[in-house]
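Heads up, the thing below is written out as structure tokens.
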Amino acid sequence: MYHKYDAVVIGAGGAGLSAAIKLVGKGNVAVISKLYPSRSHTGAAQGGICAALGNCEEDHWEWHMFDTVKGGDYLTDQDAAEILAREAIDAIYELEHMGLPFNRTPEGKIDQRRFGGHTRNYGEGPVRRACYSADRTGHMILQTLYQQGIKNNVTFFNEFHLMDILINNGRCVGVTAIDIKTGELHTFQTKAAILATGGYGRAWKVTSNAHACTGDGMTSAYRAGVPLMDMEMYQFHPTGLYRIGVLLSEAARGEGGILRNSVGERFCERYAPTLKDLAPRDMVSRFIAQEIREGRGAGPDKDYVYLHVDHLGKEVIDAKLPDITDFARTYLKVEPYKEGVPIQPTAHYAMGGVPTNVNGEVIIDENATVLPGLYAAGEVACVSVHGANRLGTNSLVDLVVFGRRAGMKAAEYIKTVDFEELPANHESKANQLIGWVNAGTDPKRKEIAADIRKELQREMEENVKVVRNEKGMTHALTKIQELKGRYLKVRLQDPSSKFNTERLEILELGSLLEVAEATAKGALERKESRGAHYREDMLNRDDVNFLKHTLAYRSEDGGVSRLAYKPVSITRFQPKERKY
Amino acid sequence: MQVTVKVLRFDPEKDKKAHFQSYELEADPLDRILDVLNTIKWYQDGTLTFRRSCAHGVCGSDAVRINGRNRLACKVLVQDIGKKIQIEPMLGFTIIKDLVVDMEPFFAKYRSIKPYLINYDDAPAAERIQSSEERDVFDETTKCILCGACSGSCPPYWASGDFIGPAAIVNAHRFIFDTRDQGAEDRLAVLGEAEGLFRCRTVFNCTDACPRDIPVTKAIEEIKRYMLYRR
């Protein structure tokens, strides 16, 4: 089937919907989503969305910007961080006007709470900057934005899986996608495509991410010739539920929750005397890894620590952390009123992704050359506001601020250009790929997708996690090569065309293998420790050689062909050592 | 532990009628029912089809009928159910394939109550002021994840394909009682129709089914009362 829209948004989470809303009335716009929009992973975000509103205590956007830059270990592009911190304030008010039910202060204003790495006066101590809606802030943002989409009669193509980004004459001219319900391939011709497909946490064994988070959007761009930026900067959230990675939001620590090791010690204060448990995520994850390594982990395998909220009292727990405590009860049968909850670092967020400028335009090289017609925002994109480590609540800020900007920029663009022709045989690449998956019913194809995925996840868990080294990452790259070879022989049991989720999972696994490879490759070549990228064989940050962004290019036959580097934008804050 | 899982199967491309199929597998008592479904799909039968995404009860994709009650497969553990597990698609929805049901009519009903803030005044420069007490009134109903578990457990919803159902009513409640909203009359007009609010027979199945612990029946009663006594 063929469709023609002025703009097509791929992904219906916070970033995609924010972009779509800005395109309403500026042209006809369609939103394509692998799930129903209300099921996007934005809805899983718990703790908050920060902006220097100053509703509870003095705060300034400059402080927010500084925290973002310092939190990102100075890999953050400061022009982008400035926009993030300034526009966050308007974005929050806009969400409130759309109906988002924030928690309120006694004066009826938006309430704010503490979060990791949010400080007053450039690092002096914690500040209350995170606006929140109990511990379902992401859920409320997603619902509110979806509701606005409904109000504005946005056209949704639900349960459509992105296949290819179509490029012709140096412009993005459309996308192809499968209608999961029918199995049919659809072509969307468009002047502007906005990628907002989220992250790829499913490349790791223990992750907070949904099954749907498989890096499809990143891979589509990568296959279309766009490099992937800073993929080695992958965040591990300190507090995932033991074994399954379901997230216990930083809001728990923001409200006064404390991490303790097997001997009951509050270990964070040893490492970060000022912010303690509210130090940034990369650091707290490392503190936990260190405790476990030194034998102070709990449990039979001494491989987790405890998050305590029991001292906060039932009232605070029920009012401000209901979902978080419900997770502990449901999945570990632990009662947070009375005891510590077993937690361990969990794969959580891609700081890297499809490179863009501050207007959400996708760039394709170290000179920031724009690929006309293609935009990206949210976790799929790397603008880069998070640098080497994202502060809690800044993902939600990122997706509304840069989702809006991408939508506005695309709205301008579609007024100035005509439709460009589709490339010849525009469906052939997608059809070829689908044909190859379908051929998996051949009895000679014996590899099981779940085995390949499990081995990939285990490898990434062991060697491309919180603490890394050359040997481990080299091993990971070799393993990924092997798995890619086996993937070519993957079997398919379900030959049907309608709602074939087995075929979908095989396509998703193909994406995971590619983004995992770019991650491991970028990490191996970044010979320093910075933010979430912590190498035990190279402990120091090396600003002389690595104060720059990695760009990973794909070769024609798949795989990373080469790495290039792009300078970091430094405006207000000169890099210095991070201390909290 | 060894579990037996009976799943209702239906492939529109080959089946005339839905039928049960049994699977035997080893499961950890702490596994989610979703983990069990995944294990079957990945290692025994790739044709088994169901929706899933977040795997921890916040996206609403995997609402199914587990041993006769609507639940999210990712929020129920094997040890909560036992060795015999029966999984079917939710009633009141048309089956697309296996456990996947057609959500379109459900979302159409959701859209019919105008699920978005309606406010005709100019927005202030900063936030609209609302007290914590005012916000508390509709706090519970903001939790809805549109999984359909409530509507799919509701006898009047099974009986009439036109009944608007508890999920849409919950979402109407979320706005009717929001002090910032001015669209209550529009929504009450929809809910006041024959297939609206008063089809509810106060069975409480919806409240039992809600994976987010929303007191659904209470919310419905609050709107009924508001509709009858507001003037």
Side-chain angles (χ1 to χ4, degrees), chain A residues 35-36 38-41 43-44 53 92-93 96-99 101-111 133-134 136 139-140 143-144 147-148 150-151 158 181 210-212 243-244 246-247 323 326-327 330-333 448-451 453 491-494 496-502 505, chain B residues 11-14 30 32 38 41-43 45-61 75 77 79 96-98 100 103-104 107 110-111 114-119 123-132 134-135 138-139 142-146 174-175 178 180-181 213:
Chain A
L35 307 165
Y36 275 89
S38 60
R39 298 172 175 179
S40 304
H41 202 53
L53 305 182
I92 298 283
Y93 290 141
E96 199 281 334
H97 296 155
M98 289 175 185
F102 285 109
N103 278 43
R104 300 285 174 162
T105 66
E107 303 81 50
K109 294 181 177 177
I110 296 169
D111 197 10
S133 195
R136 50 179 187 280
H139 164 84
M140 292 313 330
Q143 299 284 331
T144 301
Q147 290 157 3
Q148 291 300 306
I150 291 171
K151 181 180 180 182
N158 300 321
K181 289 178 287 302
H211 282 283
R243 257 179 12 108
I244 55 174
V246 169
L247 203 69
D323 274 16
D326 182 43
F327 292 143
T330 303
Y331 296 112
L332 294 186
K333 305 292 176 191
I448 296 167
D451 284 337
R453 187 172 50 233
R491 77 171 188 197
L492 178 79
Q493 289 182 300
D494 188 352
S496 69
S497 49
K498 290 183 181 158
F499 227 99
N500 190 330
T501 52
E502 192 192 21
E505 286 188 359
Chain B
D11 179 348
E13 289 169 63
K14 35 178 230 232
L30 280 174
R32 295 159 276 199
N38 277 330
K41 181 174 184 65
W42 294 342
Y43 298 105
D45 184 352
T47 67
L48 180 64
T49 304
F50 48 91
R51 289 191 177 101
R52 85 288 179 273
S53 189
C54 78
H56 66 285
V58 297
C59 83
S61 299
K75 256 202 113 171
L77 306 187
Q79 66 179 51
I96 292 179
K97 185 175 176 183
D98 294 346
V100 175
M103 296 299 292
E104 287 303 330
F107 275 100
Y110 168 67
R111 290 192 296 268
K114 303 193 174 179
Y116 39 82
L117 193 86
I118 296 173
N119 186 308
E127 67 268 60
R128 294 193 169 102
I129 300 297
Q130 180 175 58
S131 72
S132 289
E134 288 167 337
R135 189 198 169 287
F138 64 98
D139 181 65
T142 64
K143 291 182 187 169
C144 176
I145 54 174
L146 297 166
R174 177 255 171 276
F175 288 104
D178 189 332
R180 301 167 297 172
D181 185 81
D213 296 324

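Quick note on labels: first sequence line is chain A, next is B, and so on, each numbered from 1. What you see below is based on every heavy atom in this structure, not just the backbone, and it leaves out hydrogens, waters and symmetry mates. Computed from a prediction, not measured in an experiment: that's the story for all the values here.
Looking at B/Glu13, its side chain does come within 3.5 Å of a backbone N or O of A/Lys498 through a donor-acceptor pair.
Atom CZ in A/Arg243 sits 5.5 Å away from atom CG in B/Leu30 (nearest 0.5 Å). Remark: B/Asn119 CG to A/Met98 CE distance equals 13.5 Å, nearest 0.5 Å. One finds the CD1 atom of B/Ile129 at 8.5 Å from the CD atom of A/Glu107 (value rounded to the nearest 0.5 Å). B/His56 contributes atom NE2, which lies 11.0 Å from atom OG1 of A/Thr330 (distance to the nearest 0.5 angstrom).
Checking A/Ser133 against B/Arg135 by side-chain atom types alone, a donor-acceptor pair falls below 3.5 Å. Side chains of B/Arg52 and A/Thr501: a donor-acceptor N/O pair is absent below 3.5 angstrom, by distance only.
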Could you check B/Lys41 against A/Asp494 for salt bridge (charged side-chain N to carboxylate O under 4.0 Å, His left out), going step by step and ending with a plain yes or no?
-> CA-CA 10 Å; B/Lys41 181 174 184 65; A/Asp494 188 352; 5.5 Å; no
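When each of B/Ser132, B/Ser61, B/Cys54 is scored by its heavy-atom pairs under 4.5 Å with chain A, the top score falls to B/Ser61. Top candidate by heavy-atom pairs under 4.5 Å with chain A, chosen from B/Ala126, B/Pro12, B/Ala125, B/Cys59, is B/Ala126. Note on B/Asp45, B/Leu146, B/Leu77: by heavy-atom pairs under 4.5 Å with chain A, the leading option is B/Leu77. Comparing A/Asn103, A/Ile448, A/Ile92 by heavy-atom pairs within less than 4.5 Å of chain B, the highest count is held by A/Asn103. Highest contact tally toward chain A, considering only B/Lys14, B/Lys114, B/Arg32, is held by B/Arg32 [criterion: heavy-atom pairs under 4.5 Å].
Taking the six-membered ring where the residue is Trp, A/Tyr36 and B/Phe107 present parallel rings, their angle staying beneath 30° rather than reaching 60°.
Closest heavy-atom contact between A/Ala450 and B/Trp42: CB-CB, 3.3 Å. B/Thr142 and A/His139 get closest at one heavy-atom pair: O-NE2, 2.8 Å. Shown here for B/Tyr43 and A/Asp451, the closest heavy-atom pair between the two residues is CE2-OD1, 3.2 Å. What you find for A/Ile150 and B/Pro115 is that their closest heavy atoms are CD1-CG, 4.3 Å. Heavy-atom minimum distance, A/Lys151 versus B/Leu117: NZ-O, 3.7 Å.
Applying the ring pair (Phe, Tyr, Trp, His ring centres under 6.0 Å) test to B/Tyr116 and every residue at least two apart in sequence or in another chain returns nothing. In terms of the side-chain contact (heavy atoms from CB on, under 4.5 Å) criterion, residue partners of B/Ala123 (sequence neighbours excluded) are, by chain and number, A/His97, B/Arg128.
Heavy atoms closer than 4.5 Å to chain A are found in the side chain of B/Asp11, but not in its backbone. In this structure, chain B has heavy atoms under 4.5 Å from both the backbone and the side chain of A/Ser497. Contact of A/Ile110 with chain B is made through backbone and side chain together, with heavy-atom distances under 4.5 Å. Looking at B/Asp181, there are no atoms closer than 4.5 Å to chain A (heavy atoms on both sides), in backbone or side chain. Proximity to chain A is limited to the side chain of B/Ile96, based on heavy atoms less than 4.5 angstrom apart.
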